[in-house]
Amino acid sequence: MAFFVKRSAFIQMIIAMQVFIFIVNVGTSLHADVVSKWNKFELTLPVKYNDIIKAKYISFAMLFLCGVVMGSITAISVYVTSDNSNMQFVLYGYEFGLTLAATTAGIMYPLMLKIGTEKNELIMILSGIASIGLLVLVSAALTPLTGEMNMKHSLVGKVSTIVALAIFINSYFVSIRIYRHKEFS
């Protein structure tokens with residue numbers, strides 16, 4: 001799509017969705033672990049609860065990285081095939097995508113651990129809505145500094161990404177606590 005449509009707003013959304021799309025499949029993967037009863041057997045392995053959760057979060061980080069790599073391919077192809085060299089719009093695509101991905105993963109995984117994966121689609125949708133809500137909230141809070149409620153302002157992008165990464169990191173500790181107290185029947 002980046003070869004055919006050269007509008008910067010569209011390119012931003014392509015990059016953001018490329019970063020985000022890798023996390024969307026995690027809910028299905030977690031549900032498959034429950035259906036195959038792998039989540040019961042992983043407890044019998046000679047690893048700590050922390051290591052099991054750490055492995056999930058490392059895979060999330062790798063998925064973020066895959067999304068950034070795909071976004072980079074898009075950004076490079078746009079740069080090479082057009083005269084548009086404004087990297088600010090490319091940076092916003094990454095910021096928006098990382099905000100969506102980190103917040104969604106940070107909310108989704110602990111919720112799935114707590115209530116189960118039976119409603120993984122609903123949890124994914126609610127987590128995605130929460131991540132967009134975070135962006136709106138940060139934009140509203142920074143209105144005095146940005147002059148208006150502008151979700152595409154560079155300060156809003158940076159702050160929302162930092163907040164989203166903080167949510168993601170804190171969710172690791174919440175997930176460990178939930179996992180320790182979870183009963184696998």
Side-chain angles (χ1 to χ4, degrees), residues 1-2 5-31 56-57 59-72 74-75 78 84 86-117 119-175 177-178:
M1 292 301 296
V5 180
K6 303 295 184 197
R7 294 186 52 215
S8 63
F10 189 71
I11 301 301
Q12 289 172 342
M13 289 300 112
I14 290 174
I15 292 171
M17 288 302 110
Q18 286 174 323
V19 174
F20 176 68
I21 200 75
F22 285 90
I23 292 299
V24 174
N25 295 321
V26 170
T28 305
S29 172
L30 294 172
H31 184 67
K56 299 285 187 194
Y57 277 82
S59 69
F60 291 153
M62 290 172 56
L63 291 171
F64 295 161
L65 182 62
C66 288
V68 169
V69 167
M70 290 302 296
S72 298
T74 299
V78 167
N84 193 348
N86 182 359
M87 295 318 264
Q88 182 60 37
F89 77 89
V90 171
L91 182 61
Y92 180 76
Y94 287 118
E95 292 167 344
F96 185 61
L98 282 172
T99 298
L100 285 174
T103 306
T104 300
I107 294 171
M108 172 197 62
Y109 187 62
L111 278 176
M112 285 188 183
L113 278 177
K114 184 69 176 171
I115 64 175
T117 61
K119 300 202 184 285
N120 66 346
E121 292 89 5
L122 178 64
I123 292 171
M124 179 64 72
I125 290 169
L126 292 176
S127 299
I129 290 170
S131 64
I132 293 170
L134 170 69
L135 192 62
V136 171
L137 183 66
V138 168
S139 179
L142 293 176
T143 298
L145 298 174
T146 60
E148 62 182 348
M149 189 167 160
N150 181 359
M151 290 178 28
K152 288 190 175 187
H153 194 279
S154 62
L155 182 62
V156 172
K158 287 172 184 46
V159 170
S160 63
T161 302
I162 291 168
V163 171
L165 290 174
I167 289 170
F168 180 72
I169 291 167
N170 285 327
S171 77
Y172 168 75
F173 299 106
V174 171
S175 296
R177 176 174 246 167
I178 291 170

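When reading the values below, keep in mind they use all heavy atoms of this one structure, side chains included, and skip hydrogens, waters and symmetry mates.
- With sequence neighbours excluded, no residue satisfies side chain to side chain donor-acceptor pair (under 3.5 Å) with Glu95.
- The number of heavy-atom neighbours closer than 6.0 Å to CE of Met62, taken from other residues, nucleotides and ligands shown, is 12 or below.
- Residues Phe96 and Met13 are in side-chain contact: their nearest non-hydrogen atoms beyond the backbone lie under 4.5 Å apart.
- Scored by the side-chain contact (heavy atoms from CB on, under 4.5 Å) test, Asn170 finds no partners at all (sequence neighbours excluded).
- The minimum heavy-atom distance linking Val19 with Leu98 is given by the pair CG1-N, 3.7 Å.
- Put simply, CZ on Phe168 and CG on Leu165 are 8.0 Å apart, with the number rounded to the nearest 0.5 Å.
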* Could you check Ile115 against Ile123 for side chain to side chain contact (heavy atoms under 4.5 Å, CB included), going step by step and ending with a plain yes or no? => CA-CA 10 Å; Ile115 64 175; Ile123 292 171; 3.6 Å; yes
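- The side chain to side chain donor-acceptor pair (under 3.5 Å) test applied to Ser171 returns Tyr57, not counting sequence neighbours.
- Under the side-chain contact (heavy atoms from CB on, under 4.5 Å) criterion, Met151 pairs with Tyr92, Leu135, Val136, Ser139, sequence neighbours left out.
- With sequence neighbours excluded, no residue forms a side chain to side chain donor-acceptor pair (under 3.5 Å) with Ser59.
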Side-chain atoms of residues 101-110: list all donor-acceptor pairs with protein atoms under 3.5 Å, sequence neighbours left out, distances to 0.1 Å.
| unit_1 | atom_1 | unit_2 | atom_2 | d |
| --- | --- | --- | --- | --- |
| Thr103 | OG1 | Thr99 | O | 2.8 |
| Thr104 | OG1 | Leu100 | O | 2.6 |

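- The shortest side-chain heavy-atom distance between Thr74 and Gln18 falls under the 4.5 Å cut-off.
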